[in-house]
Amino acid sequence: TPIDRLVQQDGALSRNYIKFNLNMIDKIYNLQNNNISIGEIFNIESSQISAALNRVFKGNLELDSVGNPNTDRTFFFKKGPKEGLPYVQLSAGEKSAFDLLLDLYMKVKSFKHTVYCIDEPESHMNTALQGALLTELFDLIPDETQMWIATHSIGMMRKAKDLYEQKPQDVCFIDMSGQNFDLPTIIEPTKPTREFWRSVLNVALDDLSELVVPKNIVVCEGNPLTSSIAGNQEHDAVCYSNIFKNDTIDVDFVAAGNSTDVKTDRMAIMATIQKIAKGINVIPVIDRDDHSEAEIKKLENQGYRVLKRRNIQSYLYDDEVLDALCSQQGFPEKKSDVKAIKKACIQDAIEAGHPPDDFKKSSGKFIQRIKPLIQLYQQGNDAYEIERSVLSLLIKRGMRTYAELREDIFGSSIV
């Protein structure tokens, strides 16, 4: 009988051995062709499970026979050149994979419209085989069923990520962290963003999670971590990370200095990064500044991305973002007043000889003037802190500013 408690020993293998033989007997009684042999019946019944085993273990393991049900009462396998190897002589990983595949194979014959729950299916298996096992389990379940898996396995998570990218409508992730299950809790699917994977890998790998590199690295302007300018290291990189942290793009942002630094260091950065991890896409991003159209065209032909606006502040202080700021602070009625202050600050900068689109020159004065108006207190001492901790977090998918910035950095090739 099925187990009543999770702590009980599961005798599924013995039950499945009996069911497997009964299925073969059933086929014998329903044969239309009396010339078919028992061996051929076994091949028909075992073909799917044997092929799955063969794929998981790369041609080195397949189901060979069921032996004699009266005396052997066990499955036999072909492993490499050796045939007739009894189940008991398989390794722990081979037994674990076969048990799961056989159990699911037998269950789906009887249970449709079912949710199958598996806790840590990777037990006793090395990482290289875990992804292959998940693929076979995924392929075994019918369309009308679900399979729920709890795992911290790197191999399983990597394959789940691949399956999600191939079939996002068929695969979802659930983040159980931060939930209080002593209270009624609604659990919803989680978008597998870069931040989600970082959190998952922190659990699975602890401090080794930082060694997991993204597919894309954006090299942007801004003081790098090694800069002697205190407080604003990687300012642009932090803002970009905040803006795109809930996006499915697998990306990290790195500051490399001013536009000249980004350009001169680009080849060295690319060479270093791509030696560390093959297949990484390095995207150098340069502010618009005062580059001419001819210069921009030349830079783009060389593989650089150039912002359509002067700098990141042009996006952070967009009217759309300032409207969101007023609403977040609880002063939606102040939207017009805030934009009027912005306009006045721009005019002051123009009169001081600065370009009209360079709001970086006006940001400090602007922040100080709107602080009392919308009670923007204890969220940062200066404009840079406000940009990192407040404004960058307001730019989200669905906003025009977000869409424009995403296009400027990544183009239409990354979706």
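Computed from heavy atoms alone, side chains included, the values below leave out hydrogens, waters and symmetry copies.
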* **Partner residues of F75 under the ring-ring contact (aromatic ring centres under 6.0 Å, His included) criterion, sequence neighbours left out** => Y17, F20, F98
* Asked: Can you tell me if CG on L183 sees more than 12 non-hydrogen neighbours from other groups inside 6.0 Å?
  -> yes
* Under the salt bridge (charged side-chain N to carboxylate O under 4.0 Å, His left out) rule, what do D319 and K339 come out as? Steps first, then yes or no, please. => CA-CA 7 Å; D319 287 354; K339 283 181 279 191; 5.2 Å; no
* Asked: From E188 CD over to C172 SG, what is the distance, rounded to the nearest 0.5 angstrom?
  -> 11.0 Å
* Just wondering, are more than 12 heavy atoms of other shown residues or ligands nearer than 6.0 Å to NZ in K112? -> yes
* Structure fact -> To the nearest 0.5 Å, atom NZ of K335 lies from atom OG of S327 at 3.5 Å
* Hey, are N242 and S392 close enough side-chain-wise for a donor-acceptor pair under 3.5 Å? -> yes
* Asked: Between Y402 and F244, does the ring centre distance come in under 6.0 Å?
  -> yes
* Option among D287, D357, D318 that satisfies the side chain to side chain donor-acceptor pair (under 3.5 Å) test with R309 -> D318
* For N23, all residues meeting side chain to side chain contact (heavy atoms under 4.5 Å, CB included), sequence neighbours excluded -> E45, M106, K109
* Asked: ring pair (Phe, Tyr, Trp, His ring centres under 6.0 Å): which pairs involve residues 166-193, sequence neighbours left out?
  -> Y164-F173, F173-F196, F173-W197
Which atom pairs, donor and acceptor, lie under 3.5 Å between side-chain atoms of residues 362-374 and protein residues at least two apart or in another chain?
{"residue": "S362", "atom": "OG", "partner": "C345", "partner atom": "O", "Å": "3.3"}
{"residue": "S363", "atom": "OG", "partner": "K360", "partner atom": "O", "Å": "3.0"}
{"residue": "K371", "atom": "NZ", "partner": "G380", "partner atom": "O", "Å": "3.1"}

* To do: Just grab all the side-chain hydrogen bond (donor to acceptor under 3.5 Å, both in side chains) pairs involving residues 66-81, residues at least two apart or on different chains.
  => K79-E94
* Is the shortest heavy-atom distance from the side chain of Q329 to the side chain of Y377 under 4.5 Å? -> no
* Could you list the residues that satisfy ring-ring contact (aromatic ring centres under 6.0 Å, His included) with F57, not counting sequence neighbours? => none
* Is the closest side-chain donor-acceptor distance between D103 and Y116 under 3.5 Å? -> no
